[in-house]
Structures are given as structure tokens and as C-alpha cells.
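Below, each value reflects all heavy atoms present in this structure, side chains not excepted, and no hydrogens, waters or symmetry copies. Reminder, nothing fancy here: chain letters follow the sequence lines and each chain counts from 1.
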Amino acid sequence: MTVVTRFAPSPTGTLHIGGARTALYCWLYARKTHGKFILRIEDTDTERSTQASTAAILDAMTWLGLHYDEGPYYQMDRLARYRAVIEQLLATGHAYRCYCSKERLDEMRTAQMAAKKKPRYDGRCRAGGVPTGVDPTAPHVIRFANPQSGEVVFEDLVRGQLVFANQELDDLVLIRTDGIPTYNFGVVIDDWDMGITHVVRGDDHINNTPRQINILRALGASPPHYAHVSMILGKDGKRLSKRHGAVGVMQFREEGYLPEALLNCLVRLGWSHGDQEIFSITEMIQHFEIAHLQRAPAAFNAEKLDWLNQHYMKQGDRAKVAAELAWHFERVGIEVKNGPALVDIIDAQAERCKTLVEMVQKSGYFYTDTVTYAAAAVKKNLTADVLPHLAHLRAALAALPQWEKSAIHAVIEQVATTADVKMGKVAQPLRVAVTGDTVSPPIDVTLVLLGKARTLARLDAVLHPDFLEKNHNC
RNA sequence: GCUCCUUUCGUCUAGUGGUCUAGGACGCUGCCCUCUCACGGCGGUAACACGGGUUCGAACCCCGUAGGGAGCGCCA
């Protein structure tokens with residue numbers, strides 16, 4: 001039997017990391033088993049569904065690299081099918097028309113809550129027929145006639161056997177007044193029609209599962225396997241929301257995270273393969289097991305994402321990292337044609353950055369002709385006593401036939417030795433002179449990336465008599 | 001309120017009755033390395049929610065309690 005999984009988001013917002021993780025698990029399981037992964041858009045909430053949300057979800061899936069084999073299917077395209085199935089349920093007595101008004105239902109719910117009872121439909125219309133005094137063509141919903149006794153038992157792949165008493169379940173609405181199916185009906189029919197073998201979803205759906213199984217049974221269909229994954233919590237252990245900072249997948253992109261890092265972070269939130277922390281996509285596919293999914297909810301750990309992101313900036317595919325870095329430079333309007341190759345920036349900067357945004361912030365001086373000097377750095381490092389060193393440096397560097405790391409390094413060491421000072425006494429002023437601040441990659445690497453022309457020009461500027469005056473007084 | 005799920009270091013987790021004086025990772029932290037910031041290397045810190053059972057023996061099995069989460073919509 002071929003495994004078929006699906007990810008079925010509703011297009012009412014962007015793809016957040018909880019959904020992304022569920023999608024990842026579905027995708028991994030399909031890939032591992034050489035099965036099929038389907039994307040289905042559950043757009044039956046006509047009030048809140050938007051095209052923009054659908055596009056945003058699709059974009060995020062693409063950025064993450066979670067490619068689907070089929071779809072996206074849209075539930076609103078399948079209305080005729082739901083109608084046909086509902087006729088069948090109506091005919092077999094598994095569903096009935098309900099003319100109860102929303103007002104009555106609201107009142108009933110409020111009263112039940114007040115009486116500390118579980119709010120539920122009382123089954124008034126279940127007997128069938130049109131209530132007296134009601135026009136049969138009046139707007140009405142169609143409800144499922146849930147079994148009133150017995151229990152629903154199913155084997156959850158994550159949690160083991162789950163048992164629900166039918167008495168706890170009420171007659172849920174299948175079709176709304178406007179003819180559009182509700183979630184619980186649409187999902188059942190779609191999963192059935194699309195041959196879904198494994199439903200992997202958030203554990204907020206555990207309570208829906210017995211209802212869905214009952215519908216399937218009424219249709220004579222056998223239920224798929226279910227795997228209910230725990231939710232992702234915020235750092236404070238509360239349900240993830242906007243106040244926890246970034247929750248949308250694309251927000252993480254904007255903040256400078258790599259898709260590989262986010263995926264690695266998400267896969268380890270709630271799943272493990274022994275002590276392994278770093279997983280390439282191939283390894284994730286190879287080792288993924290539903291049985292190793294965690295049952296308890298997991299709090300999102302932003303620091304670990306940082307660590308993973310740095311790891312992938314350092315160890316990941318440089319061409320891919322460079323492409324993503326280019327996107328970030330473009331966003332802030334820095335023209336990277338005016339400086340070193342992005343892969344060289346990555347090699348030099350990855351070990352001192354947690355995100356690509358940070359890398360861009362720390363690399364501006366490589367791409368501009370006008371350096372911004374940090375006053376404190378100038379004051380501390382570009383003092384009158386070091387100017388002679390810089391002058392020596394300027395002359396020796398200018399004389400270099402080859403602009404390469406070891407030669408540059410030798411020059412700096414030589415100048416320090418000649419002046420009988422420590423390396424730092426020469427390197428640090430030089431660093432401030434060419435970058436404007438006290439932090440940069442190793443000085444020889446920095447100069448290589450900067451290029452000879454820019455290096456000399458900046459030294460000249462600093463050595464100009466006006467420089468100290470201007471910069472020490474600001 | 002009712003139903004369901006869940007509980008190992010601050011966080012993510014390993015662990016499926018003895019090999020656990022509980023392992024790894026992130027974080028924090030000490031030392032080393034060092035031209036800055038980092039990276040890296042070597043250490044350190046810190047947990048089986050609680051109470052009863054079962055057993056020769058429980059982090060692992062059972063039952064309670066407490067905490068956390070979810071559901072109870074003509075939302076998904």
C-alpha cells in the first residue's frame with residue numbers, strides 16, 4: 001500500500017511554524033515511504049479565507065522546499081461532491097435537516113454552560129420531518145446523526161489506543177445554511193476521496209477524530225491511520241502567538257534565517273533520532289519515524305535556531321546561502337556588484353553572525369566607498385602615536401605585488417616588529433581605519449576582501465591631516 | 001463545567017524494568033587559543049512534578065493528586 005499524506009491548511013493567514021512542522025512531518029513520511037504528499041487548501045470559511053493567504057502559504061512551502069506531489073486542491077471546487085455525499089447520508093438516515101435557529105442554539109449553549117454542563121446540540125430535529133410551522137424550504141443546516149451509544153476506538157500512531165464514548169459526541173453540523181460543508185465534513189470526504197492513508201495533524205484535532213470516524217463508518221469507508229502531533233508553545237510555555245515574536249515562516253526568512261536551519265529546528269521540536277541534532281534533508285527523510293514523535297508539547301527555542309542557523313551558514317551549501325544572502329542585501333539596497341563575492345563574505349563572516357541580516361549589517365563597509373566611523377573606536381584607536389604605523393603600513397601595502405592574505409599578514413607583522421610593538425597595536429588601528437569600527441574578520445582577510453584600492457584609499461583618508469581633527473571632535 | 005491529551009536539566013531531548021551516582025544539544029559559565037569580534041578545544045552548572053502501589057529491583061508498568069495543553073461553533 002502506498003502511503004499518502006496531506007497538509008491541509010486553511011488560507012486565513014500566513015504559514016506559521018506549527019503548521020510548517022506538521023507539513024514537514026507529513027512530507028518526510030511520504031518521502032521516506034516513497035509515498036505521495038498532497039496539498040489541500042481548506043477554504044470553506046468564506047468569511048476569512050483569502051487568496052493572499054493561499055499565496056503566502058504556497059510561497060512559504062516553496063521557500064522551505066516542501067514540494068507537494070499533488071494539488072493544491074481547493075475544497076470550494078468540490079462542492080458538488082459534498083452535496084452528492086450528503087444526499088447519500090440523508091437517504092440512509094445518517095444525516096438530517098435541522099431548522100433550529102442560531103438564537104436557539106446560542107441560548108441552549110449558554111444555559112448548558114451556566115448549568116456546568118458540556119454544551120451540545122440537544123437533537124431536537126433528529127426525529128426528522130419539518131417542525132410544525134416551519135417552511136420546509138426555509139434555510140436549514142444538515143446535521144450528522146451521531147451514534148448515541150457505544151464507543152469509538154482508534155489506534156493513534158503517536159499516543160496509542162484512544163477511546164471515546166459516543167455519548168460525549170453530539171450531532172455536528174455537516175452542511176451550513178449556505179450549502180458549504182463544515183470542516184469536519186469536508187476533511188472526511190477529501191481524505192477519503194484522495195486516498196489519504198496517514199492523517200498527520202496537530203493534537204488539537206484529537207477530539208474531532210471520533211466524529212470523523214463515525215462519519216466514515218456511516219459512509220461504509222474505513223478510516224485512515226491517525227498521528228496526532230503535539231503543539232508548539234512559545235518560550236513561556238503558552239500557546240504560540242504574535243507576542244512571541246516571529247511565528248510566520250516568512251518572518252523567519254526576513255529575520256535572516258536559512259530554510260535548512262528552520263527545518264532542522266522544527267524537526268527536532270517534537271521528534272528525535274537518538275542524540276543527533278544536525279540533520280540534512282536526506283537524513284531527516286532517512287531517519288524519520290512517526291513512532292519517535294514526542295507526545296508532550298514543545299516550547300520553541302529561539303537560541304537553538306540561532307545556533308543551527310550559524311551552523312548552516314558555515315557548513316551549508318555556499319551557493320544556496322549566497323543566494324539567500326543576496327536577497328537580504330537587495331532588501332536593504334546594497335549593491336553587491338561593488339565589492340567581494342558573496343561566498344567570500346560568507347566564509348569570512350559566518351562564524352561571527354547568527355543571521356544573514358546580521359551578516360549584511362556587519363558587511364556594509366565592503367560595498368561602499370564612504371566609511372562611517374564610530375566615534376569611540378576612532379578616539380580609542382586612531383591616536384596620534386599610531387599614525388606612523390599606519391603610514392608604514394600604507395607604504396608597505398602599496399608596494400605589495402600580490403594582494404593576498406599571507407603577504408598582507410607578513411607586512412603587518414613586519415611593521416609591528418620594526419616598531420617593536422605588539423601585533424594588536426598595529427592591527428587594531430588598521431582595522432578601524434579601513435572598516436570604521438573595532439570588529440571585523442581577521443585583519444588580513446578583511447584587507448583581501450576590501451581590495452588594494454579601497455584599503456589604500458581609506459588609509460590615505462585617515463592619514464590626511466584633517467582627519468583626526470574632524471573625527472576627534474565629533 | 002465536561003471530555004480528551006500531556007508531565008526527564010531554564011529549553012529541545014536520549015531513555016521502553018537492572019548497563020542511570022540519568023546521556024546529548026542549546027543557553028549560561030570557567031580555562032585555553034587570539035590582531036578585534038567570533039569560531040574552535042577542554043571543563044563546569046542543571047532534571048526523572050508529587051503521592052501511593054506492582055516488582056528482588058522502577059525515569060521506565062498501574063492508580064491517584066497537582067501542573068500544563070486542547071476540544072466542547074453554521075472556525076479550521
Side-chain angles (χ1 to χ4, degrees), chain A residues 8-12 42-45 47-49 98 100 102 105-106 109 112-121 139-143 156 158-159 162-165 167-170 172-184 186-187 201-210 228 230-231 233 235 237-239 265 268-278 292 294-308 310 314 349-353 362 377 381 409 412-413 416 422-432 435 437-444 446:
Chain A
S10 65
T12 53
E42 308 216 324
D43 53 356
T44 52
D45 182 347
E47 290 282 305
R48 298 191 302 147
S49 295
C98 170
C100 294
K102 281 184 187 177
L105 296 176
D106 285 344
R109 243 189 305 271
Q112 285 165 332
M113 295 281 260
K116 300 201 184 297
K117 294 210 165 163
K118 191 170 180 167
R120 52 191 301 176
Y121 181 62
H140 59 275
V141 302
I142 297 173
R143 284 183 186 272
D156 188 277
V158 176
R159 289 151 215 277
L162 262 23
V163 182
F164 290 83
Q167 284 170 338
E168 293 296 331
L169 276 26
D170 66 352
L172 69 156
V173 171
L174 261 21
I175 299 285
R176 292 185 266 239
T177 308
D178 60 8
I180 294 172
T182 57
Y183 161 75
N184 277 300
V187 77
R201 67 202 343 179
D203 71 359
D204 48 336
H205 289 292
I206 288 183
N207 289 293
N208 287 323
T209 308
H228 287 100
S230 58
M231 320 217 71
L233 273 24
K235 198 181 173 59
K238 294 282 192 290
R239 192 175 186 165
C265 184
R268 280 290 284 116
L269 259 189
W271 174 81
S272 61
H273 176 67
D275 284 338
Q276 189 171 344
E277 295 288 348
I278 305 290
H292 287 167
Q294 191 75 15
R295 286 184 290 270
F300 184 72
N301 189 183
E303 286 76 31
K304 200 153 186 177
L305 207 214
D306 282 343
W307 173 72
L308 284 164
Q310 183 171 50
K314 291 194 305 191
Q349 298 282 48
E351 65 192 36
R352 64 205 90 238
C353 300
K362 290 181 172 173
N381 296 284
H409 191 84
I412 298 169
E413 265 185 339
K422 287 191 174 177
M423 174 94 167
K425 190 69 183 172
V426 174
Q428 198 59 357
L430 174 57
R431 169 172 285 114
V432 175
T435 70
D437 212 336
T438 55
V439 176
S440 87
I443 191 64
D444 46 7
T446 302

| said: Just to be sure I understand the rule, does A/I443 reach a base, reach only the sugar-phosphate, or reach nothing, if contact means heavy atoms closer than 4.0 Å? | reply: base
| query | Which part of the nucleic acid does A/H228 contact within heavy-atom distance under 4.0 Å: base, sugar-phosphate only, or nothing? | reply | nothing
| query | Using a cut-off of 4.0 Å on non-hydrogen atoms, how would the nucleic acid contact of A/N301 be classed: base, sugar-phosphate, or nothing? | reply | base
| Reckon A/G186 touches a base, only the sugar-phosphate, or nothing at all at heavy-atom distances under 4.0 Å? | nothing
| query | Does any nucleotide pair with B/C35 by Watson-Crick or G-U wobble geometry, both distances under 3.5 Å, and what is it? | reply | none
| remark: Taking B/A70, B/U36, B/U11 as options, the one with an atom nearest any side-chain atom of A/A299 is B/U11
| G-U wobble or Watson-Crick pairing nucleotide for B/A14 (cut-off 3.5 Å, both distances) | none
| task | Using a heavy-atom cut-off of under 4.0 Å over every strand shown, decide if A/R431 touches base, sugar-phosphate, or nothing. | result | base
| Is any side-chain N or O of A/D275 under 3.5 Å from a base N or O of B/G23, one able to act as donor and the other as acceptor? | yes
| request: Determine whether the side chains of A/Q428 and A/R431 contain a donor N or O and an acceptor N or O closer than 3.5 Å. | output: yes
| task | Scan A/D437 against the nucleic acid and name what it touches under 4.0 Å (heavy atoms): base, sugar-phosphate only, or nothing. | result | nothing
| query | On RNA chain B, nearest-nucleotide positions of A/H140 versus A/A427: which is more 5'? | reply | A/A427
| message | Syn or anti for B/C28? Use the chi torsion, O4'-C1'-N9-C4 for purines and O4'-C1'-N1-C2 for pyrimidines, with syn inside 90° of 0. | response | anti
| task | Would you indicate what A/I278 reaches in the nucleic acid, counting non-hydrogen atoms under 4.0 angstrom: base, sugar-phosphate, or nothing? | result | nothing
| said: Does the structure show a Watson-Crick or G-U wobble partner for B/G73, both distances under 3.5 Å? Name it, or say none. | reply: none
| request: Under 4.0 Å between any heavy atoms, over every strand shown, what does A/E277 touch: base, sugar-phosphate, or nothing? Just pick one. | output: base
| said: A quick test of your reading: do over 12 heavy atoms of other residues, nucleotides or ligands sit less than 6.0 Å from CD of A/Q167? | reply: no
| request: Mind checking A/V141 for me? I need base, sugar-phosphate or nothing, with any heavy atom below 4.0 Å counting as a touch. | output: base
| request: Report which part of the nucleic acid A/R109 touches: base, sugar-phosphate, or nothing (heavy-atom distance under 4.0 Å, all strands). | output: sugar-phosphate
| said: Below the 4.0 Å mark, does B/C2 have OP1 or OP2 next to a side-chain nitrogen or oxygen of A/Q167? | reply: no
| field | Spacing of the P atoms in B/U3 and B/G64 (rounded, Å) | value | 13 Å
| said: So, OP1 or OP2 of B/G73: does either fall under 4.0 Å of a side-chain N or O from A/T182? | reply: no
| Any N or O donor-acceptor pair linking the side chain of A/T177 to the base of B/C74 at under 3.5 Å? | yes
| field | Test side-chain hydrogen bond (donor to acceptor under 3.5 Å, both in side chains) applied to A/H228 and A/D156, A/D203, A/D204, the passing residue | value | A/D156
| field | No-H, no-angle donor-acceptor pair, A/Q276 side chain to B/G24 base, under 3.5 Å | value | no
| said: Once you apply a heavy-atom cut-off of 4.0 Å, does A/S272 come out as touching a base, just sugar-phosphate, or nothing? | reply: sugar-phosphate
| message | Mind checking if A/P441 touches a base, just sugar-phosphate, or nothing, with heavy atoms under 4.0 Å? | response | base
| said: With a 3.5 Å cut-off and heavy atoms only, can you find an N or O donor on one side and an acceptor on the other between the side chain of A/K304 and the base of B/C12? | reply: yes
| For B/A46, the Watson-Crick or wobble counterpart (both distances under 3.5 Å) | none
| said: Whether A/K117 contacts B/C72 is assessed here as follows: a side-chain N or O lying under 4.0 Å from the phosphate OP1 or OP2. Is that the case? | reply: no
| message | On RNA chain B, compare the nucleotides closest to A/T12 and A/K116; which residue's is nearer the 5' end? | response | A/K116
| Is a side-chain donor-acceptor pair under 3.5 Å present for A/T435 with A/S440? | no
| field | Gap between atom CZ of A/F164 and atom OG1 of A/T209 - 0.5 Å precision | value | 7.0 Å
| task | Assign A/K425 to base, sugar-phosphate, or nothing according to its heavy-atom contacts below 4.0 angstrom with the strands shown. | result | nothing
